[in-house]
Amino acid sequence: MRHITKVELKLILQNHLEYVNDNSKIELRANLSGADLSGADLRRANLSGADLSGADLRRANLSGADLYGADLYGADLSGADLSGADLRRADLSGADLRRANLSGADLDYSCLPLWCGGLLINIDDRLGTQFLYHTIQNILTSEYTSDEFKSAVSNSKIIEWCNRFHRSECERLEPFNLGDK
């Protein structure tokens, strides 16, 4: 884990902003892979496209940060505040998000971990609905899921919540009834 001083971090963020404004300056792209940024105050920081893979971001404040397309592979984000962050297209695979605050965050097209580090995440109703929609939609449409399982998750309240999903291009879900088979 490499330690980054506040002065170094400020310079890295300033250079990264130049990269964001002119992508031809690839050498200015923030490379914070493996950096120790635990507890760092990165509120509203522009880290879009930054390499934060393997970084220690435990308890960091990233509220309102722009992390669009950021590489957060294997990052430790446990207890981090990511409320209102733009995490679209971010790679969160292998990241530890336990007890992270993702309320109000935008996770569209991001890669979330399906392991224990993806549990105990603090989410709001919008994200909960999005997660639920994706899960239930896959269960109901998979040819490998049993009819009993489809019926078990097809309760009218769950389907009602799923259909509150914010993406209009996604089809509405209908309850699955064993009796219809």
Side-chain angles (χ1 to χ4, degrees), residues 1-135 138 165-167 170:
M1 196 65 43
R2 65 186 176 119
H3 181 72
I4 305 283
T5 67
K6 286 183 181 182
V7 173
E8 289 173 313
L9 182 58
K10 187 176 180 178
L11 181 60
I12 289 169
L13 292 174
Q14 286 172 344
N15 287 339
H16 185 73
L17 197 52
E18 268 192 68
Y19 159 75
V20 169
N21 293 325
D22 182 357
N23 284 6
S24 69
K25 298 181 177 183
I26 192 78
E27 71 279 1
L28 298 178
R29 177 180 174 230
N31 181 355
L32 294 164
S33 62
D36 181 356
L37 297 167
S38 58
D41 184 356
L42 294 164
R43 283 177 288 184
R44 294 178 295 284
N46 188 334
L47 289 162
S48 61
D51 184 354
L52 292 153
S53 58
D56 182 353
L57 290 156
R58 289 174 295 150
R59 298 174 313 282
N61 187 343
L62 290 151
S63 62
D66 184 348
L67 292 157
Y68 179 92
D71 183 356
L72 290 155
Y73 177 85
D76 188 345
L77 291 156
S78 56
D81 184 355
L82 291 154
S83 59
D86 183 353
L87 288 158
R88 291 174 297 146
R89 299 194 184 277
D91 182 359
L92 291 159
S93 53
D96 188 341
L97 291 161
R98 287 176 284 195
R99 296 192 176 19
N101 179 1
L102 289 170
S103 62
D106 190 341
L107 293 164
D108 282 353
Y109 300 98
S110 65
C111 179
L112 270 176
L114 282 176
W115 70 291
C116 294
L119 297 174
L120 303 173
I121 302 170
N122 294 304
I123 58 174
D124 56 14
D125 287 357
R126 188 184 69 77
L127 280 177
T129 301
Q130 186 172 6
F131 294 163
L132 189 61
Y133 179 91
H134 282 269
T135 301
N138 283 319
F165 182 45
H166 71 280
R167 302 293 300 229
C170 295

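Every heavy atom of this structure was used, including side-chain atoms; hydrogens, water molecules and symmetry mates were not.
- Atom OG of S38 and atom CE of M1 lie 8.5 Å apart (nearest 0.5 Å).
- At a threshold of 4.5 Å between non-hydrogen side-chain atoms, the residues L37 and I4 count as touching.
- When side chains are defined from C-beta on, D108 counts as touching R167, because their heavy atoms get closer than 4.5 Å.
- Heavy-atom neighbours of L114 CG from other residues, nucleotides or ligands within 6.0 Å: at or below the threshold of 12.
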Can you give the donor-acceptor pairs under 3.5 Å from side chains of residues 54-63 to other protein atoms, not counting sequence neighbours?
residue, atom, partner, partner atom, Å
D56, OD1, R58, N, 3.1
D56, OD1, R58, NE, 2.8
D56, OD2, R58, NE, 3.2
D56, OD2, R58, NH2, 2.6
N61, OD1, S63, N, 3.0
N61, OD1, S63, OG, 2.8

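- In this structure, the side chains of L92 and L107 come closer than 4.5 Å at one or more pairs of heavy atoms.
- Taking the ring centre of Y109 as origin, the terminal cationic atom of R89 falls inside the region bounded by 6.0 Å and 45° from the ring axis.
- With sequence neighbours excluded, the residues that form a side chain to side chain donor-acceptor pair (under 3.5 Å) with E8 are T5.
- Listed by chain and number, the residues in a side chain to side chain donor-acceptor pair (under 3.5 Å) with D66 amount to none (sequence neighbours excluded).
- Of the possible donor and acceptor atoms, none in the side chain of D125 sits under 3.5 Å from a partner among the backbone N and O of L127.
- Screening residues 20-32 for salt bridge (Lys or Arg N to Asp or Glu O under 4.0 Å) gives E18-K25 as the qualifying pairs, with residues at least two apart or on separate chains.
- Sorted by first and then second residue, the ring pair (Phe, Tyr, Trp, His ring centres under 6.0 Å) pairs involving residues 5-43 (not counting sequence neighbours) are H16-Y19.
- Rounded to the nearest 0.5 angstrom, D71 CG and D91 CG are separated by 5.5 Å.
- Between F165 and Y133, the ring-plane angle classifies as parallel under the 30° and 60° cut-offs.
- Screening residues 34-80 for ring pair (Phe, Tyr, Trp, His ring centres under 6.0 Å), with sequence neighbours left out, gives no hits.
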